[in-house]
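Below is one structure, written out as structure tokens; comments come after it.
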Number of protein chains: 2
Amino acid sequence: MQLTKESIIAASLEILSEYGLADMTMRRLAAHLNVAPGAMYWHYKNKQALIDATARAVLQPLFDAPTAALEQACMRLREAMFSYRDGAELLSAALANPALRAEMEAVLAASARSDGLPRPDLAAATLLSFVLGSSMMDQAALQQAELQEITVADTGDAIRTLGVDSDNFTDGLRAVIAGMSN
Amino acid sequence: MQLTKESIIAASLEILSEYGLADMTMRRLAAHLNVAPGAMYWHYKNKQALIDATARAVLQPLFDAPTAALEQACMRLREAMFSYRDGAELLSAALANPALRAEMEAVLAASARSDGLPRPDLAAATLLSFVLGSSMMDQAALQQAELQEITVADTGDAIRTLGVDSDNFTDGLRAVIAGMSN
DNA sequence: ACCTGAACACCGTTCAAGT
DNA sequence: ACCTGAACACCGTTCAAGT
């Protein structure tokens with residue numbers, strides 16, 4: 001059947017989950033869709049555009065159903081990134097685009113406002129930075145630990161302290177929000 | 001003359017400053033050093049090892065002369081990243097290495113302790129995440145703005161609000177530290 | 001409008017062989 | 001010990017030409 005922006009994104013998310021960001025190449029995507037590599041460029045002008053669109057798909061739950069409480073919104077952002085292999089790395093590549101960054105900050109700022117924070121825009125920018133930075137480093141560490149999961153026995157606890165539900169993340173998040181509350 | 005780890009790092013920092021991270025390739029580095037591409041692999045086992053070593057060089061000032069005050073330590077971290085083109089992106093690639101991350105957090109934790117914060121390790125982890133995340137996004141936006149500097153007139157103020165001395169960064173930093181002070 | 005074929009200019013990495 | 005030559009298996013992107 002015909003290639004569409006949507007079918008390309010679906011394939012993109014599949015490759016991401018199964019093989020990771022390094023294997024999310026234009027050529028592999030094309031092969032997965034039974035199409036010549038050049039075909040991709042009729043739908044997306046380059047790889048960066050594809051990365052942006054894929055990142056938007058990862059963030060879609062947050063755009064569709066915003067959360068009132070800022071803390072919960074940040075947790076959902078982290079969970080969205082952890083839903084896909086290399087999700088945080090993908091988002092860090094996409095958030096270099098100021099437009100996407102602004103959209104994401106707008107979502108968080110709305111939550112900050114409904115929480116009654118005095119400087120919602122500052123809170124949004126600060127929290128986006130924190131969640132992105134910590135998720136990137138934690139997901140990287142988590143995946144490195146998984147590579148040795150077979151070799152090293154019983155690292156379960158060490159891994160859990162770095163995963164989606166890391167204590168350092170939750171505590172840090174609450175401290176940052178406390179700092180924004182004056 | 002002979003190739004050394006040091007001469008390779010020096011060349012790496014030069015290419016980084018002049019052409020950016022995308023052009024910091026093993027082949028370009030080799031060409032710059034008048035050597036065959038394969039020669040690099042006698043000194044560094046792969047590109048990730050070279051990235052780590054280059055990132056360490058960028059962070060060297062912070063390791064050599066630690067700063068007592070946590071706020072100032074974070075400012076210096078940001079400045080170190082902004083000293084090189086794509087410096088923040090380079091560090092985000094390197095801080096995926098848990099060992100380097102731990103070293104950097106140890107430096108910040110020492111400052112947090114001398115500031116008398118109740119949870120210095122949490123403060124270090126939280127602030128590293130924040131500084132990394134915001135520096136990455138800000139430097140990306142800054143460099144995109146510079147690309148259009150010739151086309152668009154008088155964006156000086158807009159650029160300044162995103163640069164090393166961004167107001168959002170300083171205010172966010174202070175709020176985070178305030179949140180960690182209980 | 002949508003895609004193929006084929007090319008261009010690159011990558012990281014390995015490894016026998018040289019000195 | 002340190003490096004070259006040459007290859008292997010890839011990349012992103014462009015673009016004439018086909019349907």
Side-chain angles (χ1 to χ4, degrees), chain A residues 1-56 85-86 89-94 96-97 140 143-144 147, chain B residues 1-56 85-86 89-94 96-97 140 143-144 147:
Chain A
M1 35 42 294
Q2 258 238 106
L3 216 55
T4 63
K5 281 182 186 288
E6 290 74 34
S7 68
I8 291 175
I9 295 307
S12 194
L13 288 171
E14 252 179 67
I15 299 229
L16 190 66
S17 288
E18 287 207 50
Y19 308 100
L21 189 60
D23 287 309
M24 196 184 106
T25 68
M26 299 302 260
R27 283 170 179 276
R28 248 172 168 287
L29 237 19
H32 190 85
L33 294 160
N34 296 309
V35 113
M40 315 295 296
Y41 291 83
W42 198 91
H43 300 273
Y44 291 99
K45 78 174 218 285
N46 53 34
K47 194 182 179 181
Q48 186 59 50
L50 178 69
I51 286 174
D52 286 11
T54 306
R56 280 198 144 82
R85 168 137 48 148
D86 298 330
E89 210 185 330
L90 173 81
L91 258 110
S92 109
N97 175 357
Q143 281 167 182
Q144 259 174 255
L147 281 181
Chain B
M1 50 315 40
Q2 259 238 104
L3 217 54
T4 63
K5 281 181 185 289
E6 291 72 34
S7 69
I8 291 175
I9 296 306
S12 193
L13 288 170
E14 251 179 68
I15 300 228
L16 190 67
S17 288
E18 287 208 51
Y19 307 100
L21 189 60
D23 287 309
M24 198 184 105
T25 69
M26 299 301 263
R27 284 169 178 278
R28 249 172 168 287
L29 237 20
H32 190 85
L33 293 160
N34 296 308
V35 113
M40 315 295 296
Y41 290 83
W42 199 91
H43 300 274
Y44 291 99
K45 78 173 216 286
N46 53 34
K47 195 182 177 181
Q48 187 58 50
L50 178 69
I51 287 175
D52 287 9
T54 307
R56 279 198 145 79
R85 169 139 45 150
D86 298 329
E89 211 184 329
L90 174 80
L91 258 112
S92 107
N97 175 358
Q143 280 167 181
Q144 261 174 257
L147 280 181

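Predicted model, so just to flag it, every value in this text is computed and none were measured. Worth knowing before you read on, the calculation uses all heavy atoms, side chains too, and leaves out hydrogens, waters and symmetry mates. Below, read A as the first sequence line, B as the second, and so on, with proteins coming before strands; counting in each chain starts at 1.
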| message | Once rounded to the nearest 0.5 Å, what's the spacing between atom CG of L33(A) and atom CD1 of I15(A)? | response | 7.5 Å
| field | Under 3.5 Å donor-acceptor, R85(A) side chain and L21(A) backbone | value | no
| P37(A) and A30(A): which non-hydrogen atoms are nearest, and at how many Å? | CA-CB, 3.7 Å
| Main-chain N/O of I8(A) paired with S12(A) side-chain donor or acceptor, under 3.5 Å | no
| message | Pair Y44(A), I9(A) - check side-chain contact (heavy atoms from CB on, under 4.5 Å), show working. | response | CA-CA 10 Å; Y44(A) 291 99; I9(A) 295 307; 3.4 Å; yes
| chain B on DNA chain C: first and last contacting nucleotide, 5' to 3', under 4.0 Å to a heavy atom? | dC11(C) to dT14(C)
| Distance, nearest 0.5 Å, that separates CG of N46(B) from CD of Q48(B) | 7.0 Å
| field | Side-chain donor or acceptor of Q143(B) paired with backbone N/O of D86(B) under 3.5 Å | value | yes
| request: Can you measure from CD (E89(B)) to CE (M24(B)) and round to the nearest 0.5 angstrom? | output: 10.5 Å
| query | Can you give the dot-bracket line for DNA chain C, where a pair is Watson-Crick or G-U wobble with both atom distances under 3.5 Å, crossing pairs use [ ], and | marks a partner on another strand? | reply | ||.|||||...|||||.||
| query | Between T54(B) and L50(B), is there a donor-acceptor pair closer than 3.5 Å when you use the side chain of the first and the backbone of the second? | reply | yes
| remark: Contact check, residues 26-43 of chain A vs DNA chain C, heavy-atom distance under 4.0 Å, returns R27(A), V35(A), A36(A), G38(A), A39(A), W42(A), H43(A)
| Expressed in whole Å, how much space separates the P atoms belonging to dA9(C) and dA9(D)? | 23 Å
| task | Output yes when a side-chain donor or acceptor of K5(B) lies under 3.5 Å from a complementary backbone atom of H43(B), and no otherwise. | result | yes
| C1' atoms of dC11(C) and dC8(D), separation to the nearest Å | 12 Å
